[in-house]
Amino acid sequence: MDFFAQQEKTRKKTKWLVIYFIMAVAAMVAAIYIAVVVIFSGFQLHQHRYHNYNETPQQLSLWNPQLFLGVALGTIAVILIGSSYKTMALASGGSAVSEMMGARLISSNTTDPDERKLLNVVEEMAIASGVPMPQVYVMDDEDGINAFAAGHKPGDATVTVTRGCMKLLSRDELQGVIGHEFSHILNGDMGLNLRLMGTVFGILCLAIIGRILLQTARGGGRSRGQNPLPIVGLALLVIGYIGVFFGRLIQAAVSRQREFLADASSVQFTRNPGGITGALKKIGGLGENGSRLGHAHAEELSHMFFGNGVSAPFIGLLETHPPLPDRIRVFDPNFDGKFSSVRYDGRDEPPGEISRPKRAPMPNLFGTVVGGAILASDEDEKPPVIKSHHVLPNIGNPTPLHLKYAEQLRDSLPDQIKMAAREPLDSAALIYALLLSADENERAVQIAEIGKRFSPSVSEKTAVLFPDVAKIAAHVHLPIINLALGGLRQLSVEQFQSFSQTLQWLIESGGKIGLLEFVLQKIILRHLDSQFNGPGKSVVQFYTIKPLVPDCVVLLSALANIGSDDAAEILKAFEAGAPYLRAPDDVDLSLLPEENCGVNEIDAALNRLAQAVPIIKRNLIEACVHVVGADGVIVESEAELLRAISDTLDCPMPPFMPAE
């Protein structure tokens, strides 16, 4: 599955959504205009006959430009205002959707065994896929088995599960469900889902206004023959719900196609079809309400759930999910369609625990993974060779090898690091420890300054964590940042401001900011920015590479300059990657001197490049890979840097694996 192709496909679906939206609005304007003409003409005819029986009534006119303009502007205004309102309400990303469903945020330092199991599974998926650790929510009042992922992009994503999902599923089954939701994160489905919610809500506003008019007219004193509002309200109610019907039809059509893809991606990721089929069978075993949700907003989110969260519609075309037996038979062709009964009694252990199926043997990753946690490797061991053409296909397409790596990484980290990543202030100390100088005297100054700028306790914890972090920092920059995000999100606004200002100082304290340190800082702050500074605007503004060529040249030149001190080698590296930009022949693709591609220039370049369409990002990352791999070897520091740059472009890159 090609990550960039899926992203482009989703972007094109958004275009079609806009087209469908315009068509629906045009049809509703026409329908409301006709209804208003008929209703008010009939009302005028009735009034004419009531007051003067002798005069000939005026002929009914179906075309009234002024009336049409008023109806069109009014209808469009109502729909756009409704859609804009809902879109703004969801602007903060996945957290807004999760909280709308009444879900509770699970604390990163929870000691509840079920919550800890869930967080561990999500952490493994995040590390393995290169996706920032999403916030995890649980719907405590929902006993069925269901889940959803929500957000505009990976950086503001949330994963929400029901209490039944967390309690009833085994670890393998839970992993299958979470893998399914991560597929939606990686394929860009989340943003499309939120746009669908805004679109349908705008159309629904007409029905709401119709209901208000009916209630207003019912409470008025005028007789039905003297007041056309009840008929107008009824017409708006009917037309509004017809529009919603077609909106739900679009939701269902988009959702059904993606559920099969997400199921397949989950199995491809975990190499364990028994996980997701076991979860689906338990939904069936719970009976008719196996995945049903009782919340009032469940209908709005029906297209986002793992299983069907609302009652079955009377028309099959409105089904947002394929039937359970069809989804199961994709991986278990012999399934007979019968479900074993599953009983929910609130026990800590799930009933009917499915035995873990044997998986294909996995190689020992320690000492073989580039850019990962080579915690048991020999320091003198030569880094394995990574072929450039093996890198790109893994973006957004993690494998069971990546998942096994993530499990081993988390298990092998020192307990002190794992515990620190779960506490707000300790997670800040963990980030600082990751970026401390190797020079003892300079490090002592940095630690003392952290105490003055942020907190003495954080300074002390940074010093305590440094020895453990120093042993593994070269291998696990991104995984440690990923694990620490959960704790960092629990900082207060004031603490976050102090943390970010101190982080900026720490990065600059060595006199010269390294590219890797700068990009790591950018990753941390951009993933936390929407929570502490409000939602940012993520808009695609660049559809061709030509206006972005200067930005691409800045980034490629910076990468070429850090790979060697030899001018000829630097030029060779730049020229190895530049052709992969696939830029027009009439643009200048010349290597920039090192002083012209500093962190300020790189920061501006990355901000603009993040607003490009997927194909431009694909070509850029491919060019970066060939620049750092021009010498035939991608070493750990280069691998970490590539992954960090890819993250800033919202293109999650899994840990590097050696070519087989």
Side-chain angles (χ1 to χ4, degrees), residues 2-12 14-15 153 188 386-396 515 518-519 522 538-564 566-632 634 638-639 641-653:
D2 188 317
F3 168 80
F4 298 99
Q6 287 296 328
Q7 292 283 316
E8 185 65 22
K9 190 175 181 180
T10 301
R11 190 177 71 85
K12 289 180 178 178
T14 302
K15 285 184 177 180
K153 54 187 178 180
I386 300 296
K387 299 297 183 183
S388 299
H389 64 275
H390 288 160
V391 175
L392 213 61
N394 280 335
I395 295 180
L515 182 56
F518 162 73
V519 176
K522 188 173 181 66
S538 179
V539 180
V540 173
Q541 294 186 357
F542 299 100
Y543 297 88
T544 63
I545 195 171
K546 193 168 184 177
L548 293 172
V549 167
D551 303 293
C552 296
V553 169
V554 165
L555 189 56
L556 296 187
S557 298
L559 289 173
N561 276 286
I562 67 168
S564 174
D566 182 82
E569 290 296 323
I570 293 173
L571 180 60
K572 177 184 175 182
F574 179 85
E575 291 178 343
Y580 290 93
L581 292 174
R582 297 169 177 85
D585 295 334
D586 59 343
V587 299
D588 182 23
L589 286 175
S590 300
L591 175 70
L592 296 176
E594 188 173 6
E595 59 270 19
N596 290 351
C597 45
V599 292
N600 291 331
E601 290 81 5
I602 294 170
D603 186 40
L606 288 174
N607 288 339
R608 282 165 54 85
L609 290 165
Q611 300 174 58
V613 292
I615 187 62
I616 294 177
K617 294 180 180 180
R618 181 195 186 282
N619 293 341
L620 172 63
I621 294 174
E622 187 174 13
C624 292
V625 169
H626 281 86
V627 169
V628 300
D631 57 358
I634 298 178
E638 294 171 334
L641 183 54
L642 278 175
R643 294 188 64 212
I645 290 173
S646 186
D647 186 280
T648 66
L649 300 175
D650 286 320
C651 301
M653 184 181 290

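Numbering of residues begins at 1 and proceeds along the displayed sequence.
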Review point. Say you draw a straight line from OG1 of Thr544 to CD1 of Ile615; how long is it, rounded to the nearest 0.5 Å?
Key: 13.0 Å
Practice item. Output all residues satisfying side chain to side chain donor-acceptor pair (under 3.5 Å) with Asp586, sequence neighbours left out; order by chain, then residue number. Key: Lys546
Study note, to complete from the structure: Value for CG (Leu641) from OG (Ser646), rounded to nearest 0.5 Å, stands at 11.0 Å
N/O donor-acceptor pairs under 3.5 Å from side chains in residues 548-561, not counting sequence neighbours:
unit_1	atom_1	unit_2	atom_2	d
Asp551	OD1	Arg608	NE	3.3
Asp551	OD2	Arg608	NE	2.8
Asp551	OD2	Arg608	NH2	3.3
Ser557	OG	Val553	O	2.7
Ser557	OG	Leu592	N	3.0
Asn561	ND2	Ser557	O	2.7

Revision key, fill the gap. When every non-hydrogen atom of Ile621 is compared with those of Cys651, the smallest separation belongs to CD1-CB, 3.8 Å
**Study point:** Which residues share a side chain to side chain donor-acceptor pair (under 3.5 Å) with Asp588, sequence neighbours left out
**Key:** Ser590
Check your understanding: With sequence neighbours excluded, what pairs up with Glu569 under the salt bridge (Lys or Arg N to Asp or Glu O under 4.0 Å) test?
Key -> none
Point to revise | Straight-line distance of Gln611 CD to Tyr543 OH, nearest 0.5 Å | key: 10.5 Å
Review point. Considering residues at least two apart in sequence or located in another chain, which fulfil the side chain to side chain donor-acceptor pair (under 3.5 Å) criterion with Glu622?
Key: Arg582, Arg618
**Study point:** Thr648 side, atom OG1; Asp650 side, atom CG - distance, nearest 0.5 Å
**Key:** 8.0 Å
Review point. Roughly how far, to the nearest 0.5 Å, is CG of Leu591 from CD1 of Ile570?
Key: 7.0 Å
Point to revise | All side chain to side chain donor-acceptor pair (under 3.5 Å) counterparts of Asp603, not counting sequence neighbours | key: Lys522
Check your understanding: Side chains of Leu589 and Pro579: closer than 4.5 Å at any heavy-atom pair?
Key -> no
Check your understanding: From Phe518 CZ over to Asn600 CG, what is the distance, rounded to the nearest 0.5 angstrom?
Key -> 7.5 Å
